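A quick write-up on the structure given underneath.
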Amino acid sequence: MTVPTIDREDEVAGQLAGLGFDVFDERKALMTIALADQPDATPGPEYQVELAEDNGVLRVQVLHRSGEVAARGMAAVIGEDVVMHDIHTDPEHRRRGLGTVVMAALGRRAIELGASTGLLMATYEGVQLYTRLGWLLRATMVTGSGLGATGSEGGDLRPVLASR
């Protein structure tokens with residue numbers, strides 16, 4: 001369960017806990033951007049970008065010349081929106097702009113598919129990257145589980161795609 005709020009995170013978390021939900025300590029941020037405002041980026045010569053599409057999910061990998069996945073991410077286009085998800089750079093490859101490369105590749109393809117607005121739920125660390133890329137903080141997300149929850153959705157975009 002996820003509840004967006006502005007400046008009332010602790011109050012919302014307390015209410016949810018009072019209802020029997022197991023509220024996660026980590027808060028996340030709901031962020032948006034007009035995709036045309038997101039900067040473009042390409043990796044250095046030691047990296048290669050691979051983009052794949054499968055059942056409505058866009059997947060980007062940035063591969064190091066050694067063959068290892070240095071960075072990755074996924075997204076789903078829903079109408080004029082694209083939901084970015086699971087953006088990650090391997091610790092050994094951080095501080096090389098690869099998160100920006102992943103976001104740029106996903107954003108370019110989403111625009112080609114008709115999206116104009118990007119949406120994502122960011123961790124505290126992610127907010128720093130996305131803010132530098134022009135993303136705007138819209139709300140804090142209080143998350144948790146309970147009351148008949150069957151567990152994780154597998155860290156994928158099935159809930160988003162189900163709304164199409």
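Counting begins at 1 with the first residue of the sequence. As the structure is a computational prediction, the values presented were derived from the model and not from experiment.
Note that OG1 of T117 and CD of E80 are 7.0 Å apart. Values are rounded to the nearest 0.5 Å. Between the CG atom of D90 and the CZ atom of R96 there is a distance of 9.5 Å, given to the nearest 0.5 Å.
Among residue pairs with one or both ends in residues 89-126, those qualifying as ring-ring contact (aromatic ring centres under 6.0 Å, His included) are Y47-H93, H64-H93; sequence neighbours excluded.
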Subject >> side chain to side chain contact (heavy atoms under 4.5 Å, CB included) between V142 and L16, intermediate numbers included >> reply: CA-CA 9 Å; V142 178; L16 293 172; 4.1 Å; yes

Original post:
Do L137 and T131 pass the side chain to side chain contact (heavy atoms under 4.5 Å, CB included) test, and can you show the C-alpha distance, the side-chain angles, and the key distance before you say yes or no?
Top reply: CA-CA 8 Å; L137 177 65; T131 300; over 6 Å; no

Original post:
Hey, mind stepping through L119 and M31 against side chain to side chain contact (heavy atoms under 4.5 Å, CB included) and telling me if it holds?
Top reply: CA-CA 6 Å; L119 304 165; M31 301 184 79; over 6 Å; no

Subject >> Trace of the side chain to side chain contact (heavy atoms under 4.5 Å, CB included) decision for V62 with E50 >> reply: CA-CA 6 Å; V62 179; E50 290 186 352; over 6 Å; no

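Residues I111 and S116 are not in side-chain contact: their nearest non-hydrogen atoms beyond the backbone lie 4.5 Å or more apart. At a threshold of 4.5 Å between non-hydrogen side-chain atoms, the residues T123 and K28 count as touching. Residues P4 and T140 are not in side-chain contact: their nearest non-hydrogen atoms beyond the backbone lie 4.5 Å or more apart. Counting only heavy atoms from C-beta outward, the side chains of Y130 and I87 approach each other to under 4.5 Å. Taking 4.5 Å as the limit, some side-chain heavy atom of M84 sits within range of a side-chain heavy atom of L106. Side-chain contact between L133 and T100 is present, with heavy atoms from C-beta onward closer than 4.5 Å.
L120 and L129 fall within the same hydrophobic cluster, defined by Ile, Leu, Val, Met, Phe, Trp and Tyr side-chain heavy atoms under 4.5 Å apart, directly or through other members. Under the 4.5 Å side-chain heavy-atom criterion for Ile, Leu, Val, Met, Phe, Trp and Tyr, L51 and L113 are members of the same hydrophobic cluster. Linking ILVMFWY side-chain heavy atoms closer than 4.5 Å, directly or via other members, places V57 and M121 in two distinct hydrophobic clusters. Transitive grouping of hydrophobic side chains (ILVMFWY, heavy atoms separated by less than 4.5 Å) keeps M1 and L30 in distinct clusters. When hydrophobic clusters are built by joining Ile, Leu, Val, Met, Phe, Trp and Tyr residues whose side-chain heavy atoms come closer than 4.5 Å, directly or via intermediates, V3 is grouped together with F21.
Comment: D54 does not engage R59 in a salt bridge, judged by the lack of any side-chain N to carboxylate O separation of less than 4.0 angstrom. With respect to the salt-bridge test (charged N to carboxylate O, under 4.0 angstrom), the residues R27 and D10 qualify.
Nearest approach of V102 to A71, heavy atoms of both residues: CG2-CB, 3.8 Å. The two residues G126 and A122 come nearest to each other via the heavy atoms C-CB, 4.2 Å. For the residue pair A17 and V23, the shortest heavy atom distance occurs at N-CG2, 3.8 Å.
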Let me check something: any side-chain donor-acceptor pairs from residues 34-41 under 3.5 Å, sequence neighbours excluded? List them with distances.
from, atom 1, to, atom 2, distance (Å)
Q38, OE1, W135, NE1, 2.8
Q38, NE2, M103, O, 2.8
D40, OD1, R108, NH1, 2.2

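Within a 6.0 Å radius of CD in E11, more than 12 heavy atoms belonging to other residues, nucleotides or ligands are found.
Side-chain contact, T89 with R94: no donor N or O sits under 3.5 Å from an acceptor N or O.
R95 places no side-chain N or O within 3.5 Å of a backbone atom of E92 that could act as its donor or acceptor partner.
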